[in-house]
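Comments concern the structure below.
One-based numbering along the sequence shown. In this text the structure is predicted, and so the values were computed from the model without any measurement.
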Amino acid sequence: MMIEWLKPGAFLGSIVFALIGVVIFWLCFIIIDKITPYDLWEEIVEKQNVALGLVVAAMCLGISMIVAAAIHG
């Protein structure tokens with residue numbers, strides 16, 4: 001007996017949906033980075049802005065949950 005998730009169709013579908021989710025996530029992050037008045041990467045990495053890092057982390061979790069729900073549903 002073969003396990004369901006080891007079937008080639010299910011495995012390939014999982015890989016494709018994971019890649020689509022990552023691409024959509026990065027596109028959303030780039031769009032949000034462009035509409036903010038400052039460079040998020042510079043503020044977080046170079047200036048060590050912890051508060052902004054927490055806000056961006058929460059935003060990333062939110063976008064990830066939306067993308068996961070859209071792909072799953």
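Membership of the apolar cluster around V23 extends to L27, as traced through chained side-chain contacts below 4.5 Å between ILVMFWY residues.
Under the side-chain contact (heavy atoms from CB on, under 4.5 Å) criterion, E42 pairs with D39, E46, K47, sequence neighbours left out. Qualifying side-chain contact (heavy atoms from CB on, under 4.5 Å) partners for L19, counting only residues two or more places apart in sequence or in other chains: I15. With sequence neighbours excluded, the residues satisfying ring-ring contact (aromatic ring centres under 6.0 Å, His included) with F29 are W26.
Clustering ILVMFWY residues whenever any of their side-chain heavy atoms sit less than 4.5 angstrom apart, transitively, puts V22 in a cluster other than the one holding I66. A single hydrophobic cluster is seen to contain both F17 and I24, as judged by linkage of ILVMFWY side chains at heavy-atom distances under 4.5 Å, directly or through other members. Hydrophobic clustering (side-chain heavy atoms under 4.5 Å, transitive across Ile, Leu, Val, Met, Phe, Trp, Tyr) groups I32 together with F25.
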Got a list of side-chain donor-acceptor pairs under 3.5 Å for residues 49-61, not counting sequence neighbours?
from	atom 1	to	atom 2	distance (Å)
N49	OD1	A51	N	3.4
N49	OD1	L52	N	3.2
N49	ND2	E43	OE1	3.4

